[in-house]
Chemist: 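Provided herewith is a single structure, encoded as structure tokens, for subsequent inquiry.
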Amino acid sequence: GAESPGRCASLCTIIRFKSEKMKRLMLLLLLFSFGQIGYAQANLSETVRAQLIKDWKLTKVLTNEYLNTMPMDRYSFKADDSIRSFAQQMLHVAQVTAAMISHGTGEPRLFARGINLEQRPNAQTKDSVLYYVNASYDYAINAIQKFDLSKLDEKVKVRDMEETRLGWLLKAFDHQT
């Protein structure tokens with residue numbers, strides 16, 4: 001037979017209790033899983049940051065070797081009249097790279113808008129080129145160190161170009177080559 005009403009109520013209470021415990025356990029497991037996903041995303045973000053910084057630091061060293069190898073009197077060298085001199089090309093790379101880093105990270109620009117370093121005669125010396133190029137690398141490294149990587153997929157429009165912040169950072173790195 002029939003079960004007594006008291007026993008049924010006790011059984012329902014036990015099932016409800018176990019069900020509530022199971023709900024809490026599932027909720028804790030779910031929260032733990034989200035925490036692990038968040039941890040994995042944070043860990044990936046820091047891996048991306050570390051790789052970007054490592055690449056920028058290495059490229060700074062290699063570029064400095066290149067700049068230091070060029071004799072001082074050859075910084076004005078142009079392979080053809082229609083192209084930039086060595087100094088102008090390096091200043092162009094420094095200035096545009098820093099602008100793209102600004103677009104990517106949201107940091108204030110290193111070089112003021114409207115200033116064209118490659119057209120400034122006093123910027124054409126070896127010492128000046130080294131200064132501006134190193135300033136642009138230091139700016140890139142520091143901006144990436146401070147950047148909130150959760151914003152990598154944000155779109156930034158500059159003139160007629162719209163890219164994600166990651167896209168601007170990649171363009172900045174690519175612009176050196």
Chemist: May I ask you to test the W168-V158 pair for a side-chain heavy-atom distance under 4.5 Å?
Modeler: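 Yes, at least one pair of side-chain atoms sits under 4.5 Å.
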Chemist: Within the side chain of R165, is there an N or O that forms a donor-acceptor pair under 3.5 Å with the backbone of H103?
Modeler: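 Yes, because the side chain of R165 sits within donor-acceptor range (under 3.5 Å) of the backbone of H103.
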Chemist: More than 12 foreign heavy atoms under 6.0 Å from CG of D80: is that the case here?
Modeler: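 Count over threshold, so yes.
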Chemist: Once you measure the plane-to-plane angle for F86 and Y66, does it fall in the parallel (<30°), tilted (30-60°) or perpendicular (>60°) bin?
Modeler: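 It falls in the tilted class, 30° to 60°.
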Chemist: Roughly how far, to the nearest 0.5 Å, is the NZ atom of K54 from the OG1 atom of T59?
Modeler: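 Answer rounded to 0.5 Å: 11.5 Å.
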Chemist: With no hydrogens and no angle check, do the side chains of T125 and D127 hold a donor and an acceptor under 3.5 Å apart?
Modeler: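 Judged by distance alone, the side chains do not pair up.
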Chemist: Looking at CG of D138 and NZ of K57, how far apart are the two atoms once the value is rounded to the nearest 0.5 Å?
Modeler: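 Reported to 0.5 Å precision, the distance equals 10.0 Å.
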Chemist: Using the rule that Ile, Leu, Val, Met, Phe, Trp and Tyr join whenever any side-chain heavy atoms are under 4.5 Å apart, tell me whether I141 and L130 fall into a single cluster.
Modeler: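 Yes.
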Chemist: Would you check if the side chain of Q124 reaches a backbone N or O of R120 as a donor-acceptor pair within less than 3.5 Å?
Modeler: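 The answer is yes, because a donor-acceptor pair under 3.5 Å joins these two groups.
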Chemist: E154 versus K151: any side-chain heavy-atom pair under 4.5 Å?
Modeler: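 Result yes, sub-4.5 Å side-chain heavy-atom pair found.
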Chemist: Determine the interplanar angle of the W56 and F173 rings, folded into 0 to 90°, and report it as parallel if under 30°, tilted if 30 to 60°, perpendicular if over 60°.
Modeler: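 Because their plane-to-plane angle is over 60°, the rings of W56 and F173 count as perpendicular.
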Chemist: Yes or no on side chain to side chain donor-acceptor pair (under 3.5 Å) for Y137 and Q176, after CA distance, side-chain angles and deciding distance?
Modeler: CA-CA 11 Å; Y137 278 106; Q176 303 168 81; 2.5 Å; yes
Chemist: Going from CG on L169 to CE on M100, what distance comes out if it is rounded to the nearest 0.5 angstrom?
Modeler: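 Here the interatomic distance stands at 11.0 Å.
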Chemist: Under the 3.5 angstrom rule, does the side chain of Q95 hit a backbone N or O of L117 as a donor-acceptor pair?
Modeler: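 Present.
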Chemist: Test of understanding: clusters of I, L, V, M, F, W, Y form through side-chain heavy atoms closer than 4.5 Å, transitively. Do I101 and I115 belong to the same one?
Modeler: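 Same cluster.
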Chemist: What's the spacing between F111 CZ and L91 CG if we round to 0.5 Å?
Modeler: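 Reported to 0.5 Å precision, the distance equals 8.5 Å.
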Chemist: Which residues pass the side-chain hydrogen bond (donor to acceptor under 3.5 Å, both in side chains) test with K146, sequence neighbours left out?
Modeler: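 Testing K146 for side-chain hydrogen bond (donor to acceptor under 3.5 Å, both in side chains), a comparison that skips the adjacent residues, returns E107.
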Chemist: Backbone N or O of Q145 within a donor-acceptor pair of the R49 side chain at under 3.5 Å?
Modeler: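 Side chain of R49 to backbone of Q145, a donor-acceptor pair under 3.5 Å: yes, one is there.
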Chemist: In plain terms, say whether D73 and K126 are close enough for a salt bridge, that is, a side-chain N and a carboxylate O under 4.0 Å apart.
Modeler: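 Between K126 and D73 there is no salt bridge, as every charged N stays at least 4.0 Å from the carboxylate O atoms.
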Chemist: Are any of the side-chain heavy atoms of I83 and Q89 separated by less than 4.5 Å?
Modeler: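 SC-SC contact between I83 and Q89 ruled out.
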Chemist: M90 and L110: same hydrophobic cluster, using ILVMFWY side-chain contacts below 4.5 Å?
Modeler: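 As far as the 4.5 Å side-chain criterion goes, L110 and M90 are connected within one cluster.
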Chemist: What residues, two or more places apart in sequence or in another chain, satisfy side-chain hydrogen bond (donor to acceptor under 3.5 Å, both in side chains) together with S150?
Modeler: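 Applying side-chain hydrogen bond (donor to acceptor under 3.5 Å, both in side chains) to S150 gives D148.
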Chemist: Are I144 and V48 co-members of a hydrophobic cluster defined by side-chain heavy atoms under 4.5 Å apart?
Modeler: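 V48 clusters together with I144.
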Chemist: Would you mind reporting whether L152 and T164 have side-chain heavy atoms less than 4.5 Å apart?
Modeler: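 A side-chain contact under 4.5 Å is absent here.
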Chemist: Group every Ile, Leu, Val, Met, Phe, Trp and Tyr by side-chain heavy-atom contacts under 4.5 Å, then state whether Y132 and Y139 land in the same group.
Modeler: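 Result: yes, single cluster for both.
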Chemist: Taking the basic N atoms (NZ, or NE/NH1/NH2) and the acidic carboxylate oxygens, is any pair closer than 4.0 Å for E163 and K171?
Modeler: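 Yes, E163 and K171 are salt-bridged.
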Chemist: E65 versus L62: any side-chain heavy-atom pair under 4.5 Å?
Modeler: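 Yes, close enough: below the 4.5 Å cut-off.
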